[in-house]
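Worksheet: the structure to be examined is printed underneath.
Each chain gets a letter, A, B and so on, in the order the sequences are listed, and its residues count up from 1. All heavy atoms count here, side chains included; hydrogens, waters and symmetry mates do not.
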Amino acid sequence: MNRLDRRGFLKVAGVAGGGLVLGFGLSGCGEKAPWPNLESGVLQPNAFIQVRADGAVVLTLSKIEMGQGAATGFATLVAEELGMDPLAIEFGFAEPHKDYGDPEFQLMITGGSSSLKGAWQPLREAAATVREMLLQAAAASWNVAPGECLAEGGRIRLRDGSRDAGFGEFAVAAQALPVPASVTLKPASEWTRIGKHDARVDARAKVDGSARFAIDVQLPGMLTAVLLRCPHQGGSLQGFDAARAVVAPGVRQIVACAGGVAVIADGYWSARSAAQLVEVQWDKGPLASLDSAGIAREQSRRLDHETGKVVREEGKRSATAPARQLKAEYHVPYLAHATMEPMNAVASITGDRAEIWAGNQAPDVLQGLVARVLGIPPANVTVHTTYLGGGFGRRLMVDFCLEAVLVAQAAGAPVKLIWSREDDTQHDYYRPSALARMTADIGPDGALLSVEGRLVAPSIYALMMKDVAPAMMPQWMPAGIMKPVAALVRGNDPTLDEGVSGLPYEVPYLRVEALEYDPGIRVGVWRSVGHSQNAFFAESFIDELAHDLGEDPVAFRLKRLAAGSRHARVLQAAADAASWGKAGPGRVQGVALHESFNSVVAEVVELSVTDGKARIERVVCAVDCGTVVNPDVVRMQVESGVVFALSAALHGEITVREGAVQQDNFDSYPLLRMNECPVIEVVLLSSDAAPTGIGEPPTPPLAPALGNALFAATGARQRKLPLSLG
Amino acid sequence: MATEFTLNGKPARADVDPQTPLLWVLREGLSLTGTKFGCGKGLCGACTVHLDGTAVRSCSLPVSLAAGRSVTTIEGLGKDGGLHPVQQAWIEANTPQCGYCQSGQIMSAAALLATNAKPADADIDAAMSGNLCRCGTYPRIRRAIHRAAELMTPAGAVTEVQP
């Protein structure tokens with residue numbers, strides 16, 4: 001990776017001169033480039049392209065890279081307009097600045113499968129602007145009309161091939177030119193990289209060990225810390241005895257800090273070994289009597305006795321009484337993110353300034369929260385974002401970074417705080433446990449009259465608002481706004497019902513009701529968020545209905561989708577690719593279809609059954625995610641989403657006892673392994689629409705498709721995750 | 001007490017408690033951070049290195065057990081600063097996503113191929129199921145191992161000699 005922090009960026013761009021720097025405004029056409037640092041009342045997210053005098057093209061990424069391939073996608077968009085190899089672009093991760101904010105979130109959040117969608121137009125415009133200015137400068141230098149020049153092969157060329165030069169030759173001259181009021185993007189017919197380029201820009205660094213994650217950061221004089229946290233959620237530190245631990249080799253300091261006990265040592269092993277010698281007394285706190293069975297009972301009780309908010313109601317309830325009802329109840333457990341890189345961060349505090357190195361999905365949120373914790377201005381907090389060893393939503397929350405800051409403050413030295421795997425599993429922001437009751441009315445003639453869903457889950461966004469929004473308050477929120485904002489979220493959290501309320505099928509009457517119930521276990525966004533459970537509820541029930549009505553599950557769905565619609569085409573493509581209805585001997589299939597993050601995915605899971613035990617042989621996925629920028633990166637994300645969902649569907653279950661998470665490492669919280677991984681086939685539907693999400697949409701349909709396949713194989717319907725293969 | 005061993009072909013020395021896991025000696029003492037910490041219990045394989053050519057989990061291996069032996073890490077896998085065929089195949093197959101587990105995956109794969117020049121899928125399952133990947137790169141790891149096996153076969157060489 002070629003890192004470029006903001007300071008270096010400014011130095012190269014402004015002070016040293018000789019470079020062409022351009023920002024772009026999302027409001028786009030016709031506006032003068034607002035960078036650097038023009039104040040503006042409207043949201044103007046920016047990313048930056050720089051052409052150095054040495055010819056290097058440098059891209060500052062407004063999004064982080066956690067494996068999802070944003071770096072490759074962004075480089076491809078820029079390379080297309082500049083006529084160069086995406087692999088030749090240098091890139092680095094942006095430090096916090098409002099110009100890098102996401103157009104949707106208004107923050108530097110990487111999430112919601114939004115990266116390419118958000119960058120699609122403005123990043124190409126920014127690159128085209130750079131190209132036009134270089135062409136103008138070249139034309140002036142060569143004394144030809146600008147139309148005689150083109151950018152291709154990483155160089156500026158005369159169209160007749162008689163002359164060419166590197167970008168760097170014109171970087172200085174171009175800087176003096178006015179920024180074009182508008183630019184023309186390459187038409188799709190001329191694309192040679194979009195839709196074709198596959199090689200990841202981060203691959204080399206990730207096979208030779210040089211890719212730098214936060215856990216790899218070393219600073220002079222840096223100490224390493226571990227933190228003992230109360231295992232009981234909401235509990236607190238009562239007292240501790242570190243007499244034996246503090247004399248252990250390598251230990252520098254043991255101190256109450258960040259709600260726990262920090263063991264600060266020369267290295268991780270010393271810190272971890274000493275931590276085992278600390279005797280801690282915890283106050284188990286308000287959740288001391290909470291366990292998983294109790295949570296499930298309360299979920300059930302709420303649906304029995306309370307009404308929630310009707311989040312979707314369409315069509316008319318049949319005037320005549322139904323002949324019968326189909327009812328089903330589905331349940332999902334809490335889940336951990338289990339990124340391969342455990343939470344960790346490096347913090348260094350000097351006077352009223354702080355620097356932090358972290359794999360994080362929200363650099364400006366992190367900056368704001370560190371500023372609040374230390375009582376210093378956000379501008380005094382420098383955030384260095386590294387590669388992330390997995391995110392999946394976990395690293396949107398920056399609790400571990402704030403811990404590192406507090407421990408560094410206590411230590412009076414730079415500190416790397418490293419969570420153990422056990423810490424990571426037991427102190428996550430979990431995918432919520434949720435319960436759904438689905439009901440369908442069937443008419444006397446066997447017609448489907450209605451589908452109703454009643455759902456109960458905690459509000460993820462209410463918690464996030466509480467933890468994240470304070471970071472922003474001093475900057476753009478008036479004081480005291482948090483209460484009404486949190487109230488707005490309460491009762492309006494789409495994560496409770498998204499995926500059920502978005503049911504795409506035409507039914508005479510559809511009603512979805514969502515109830516909030518927060519047992520107190522902290523929850524967060526987990527790859528595909530509410531869709532992760534709600535697709536299981538919706539698509540399992542649709543499958544039950546199809547079987548109940550004696551219809552083929554694919555035909556049942558197609559009949560209720562508009563012919564030629566995106567959903568219908570995706571479902572048909574998956575069915576065709578999987579040879580639906582014609583599975584080979586000994587093979588059984590199940591299907592599910594789901595839209596999330598503006599993309600539609602259908603998956604067919606194919607099983608074999610031997611001695612009553614099912615084996616997942618193959619998963620066929622059809623995807624419409626708009627224009628595909630990097631086909632193989634999209635396939636990677638589909639494979640990734642399927643494997644992630646398989647881990648959850650087969651193994652994922654976080655349980656609670658006395659308010660404490662009972663799982664701790666990969667033996668008690670297993671992930672899918674190589675020997676369990678099926679063949680995954682991906683069909684990408686062609687589209688000329690703008691790109692839509694891909695990091696998350698492949699995850700939701702897997703669990704219902706698997707459950708539906710297991711029903712087809714065994715005749716037994718499993719309505720709770722994780723599923724059993726028998 | 002110092003432990004002496006060979007690290008990526010050169011002499012190395014660790015003046016630490018001999019019970020210290022090799023992983024932390026590599027990462028903190030010797031600044032070779034390509035080898036990763038994932039679970040601390042040998043359950044995930046992110047810390048895999050070679051000990052005399054065999055894949056071992058360095059998070060659970062006291063450095064004392066490396067005394068007098070040869071340790072190879074991801075940084076030393078390629079010869080003369082180049083890429084090992086497994087690493088080349090990994091790039092060809094577009095394998096890494098977040099990349100965190102990949103050093104361990106590559107070390108396990110290289111150890112497999114060192115003793116099994118043409119592994120079948122079942123061999124790959126057996127050798128690689130100790131290495132977790134949360135990004136789900138397993139299909140590509142499988143493909144990359146098969147490709148690396150091809151790359152490691154000298155062009156035109158006779159790989160099977162019939163008696």
Check whether B/T73 gets within reach of chain A through its side chain, its backbone, both or neither, counting any heavy atom under 4.5 Å.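 The answer is neither part of B/T73.
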Does any heavy atom of chain B fall under 4.5 Å from the side chain of [X], the backbone, both, or neither of them?
| X | result |
| --- | --- |
| A/E676 | neither |
| A/T72 | neither |
| A/R272 | neither |
| A/M340 | both |
| A/I680 | side chain |
| A/I418 | side chain |
| A/D198 | both |
| A/E341 | both |

Based on non-hydrogen pairs under 4.5 Å, which of [options] is most in contact with chain A?
| options | result |
| --- | --- |
| B/L132, B/I106, B/D121, B/D17 | B/L132 |
| B/A46, B/C39, B/A126 | B/C39 |
| B/C44, B/G38, B/S103, B/G34 | B/G38 |
| B/G99, B/S129, B/G136, B/G130 | B/S129 |

What's the shortest heavy-atom distance between [X] and [Y], and which atoms?
| X | Y | answer |
| --- | --- | --- |
| A/S640 | B/C135 | OG-O, 2.6 Å |
| B/F37 | A/S420 | CZ-CA, 4.1 Å |
| A/V207 | B/Q87 | O-NE2, 2.8 Å |
| A/D208 | B/L83 | CB-CD2, 4.3 Å |
| A/K206 | B/P96 | CB-CB, 3.7 Å |
| B/E28 | A/Q218 | CA-NE2, 4.3 Å |

Residue from A/Q68, A/E422, A/E65 scoring the most non-hydrogen pairs under 4.5 Å with chain B is A/E422
Max heavy-atom pairs within cutoff under 4.5 Å with chain B, candidates A/S270, A/A203, A/S273, A/P342, goes to A/P342
I'd like to know whether B/D125 forms a salt bridge (Lys or Arg N to Asp or Glu O under 4.0 Å) with A/R673, so could you lay out the CA-CA distance, the side-chain angles of the two residues, the decisive distance to 0.1 Å, and finally the verdict. CA-CA 9 Å; B/D125 283 348; A/R673 292 179 181 271; over 6 Å; no
With under 30° as parallel and over 60° as perpendicular, where do the rings of B/Y100 and A/F213 fit, or are they tilted in between?
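Plane angle over 60°, so perpendicular.
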Distance col, row B/R27:CZ vs A/D216:CG, nearest 0.5 angstrom, shows 4.5 Å
Handout entry: Distance in Å, B/R142 CZ paired with A/C677 SG, rounded so as to fall on 0.5 Å steps
Key =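 B/R142 CZ to A/C677 SG: 7.0 Å, rounded to 0.5 Å.
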In the structure I gave you, are the side-chain heavy atoms of [X] and [Y] within less than 4.5 Å of one another anywhere?
| X | Y | result |
| --- | --- | --- |
| A/W269 | B/V16 | no |
| B/Q105 | A/M674 | no |
| B/T137 | A/E639 | no |
| A/R204 | B/I91 | yes |

Judged by atom type as modelled, is there a donor-acceptor pair below 3.5 Å linking the side chain of [X] to the main-chain atoms of [Y]?
| X | Y | result |
| --- | --- | --- |
| B/N94 | A/R200 | yes |
| A/D667 | B/L43 | no |
| B/Y138 | A/L672 | yes |
| B/Q97 | A/M636 | yes |

Stacked cation flag B/R134 on A/F644, 6.0 angstrom / 45 deg: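 Output yes; distance and angle both within limits.
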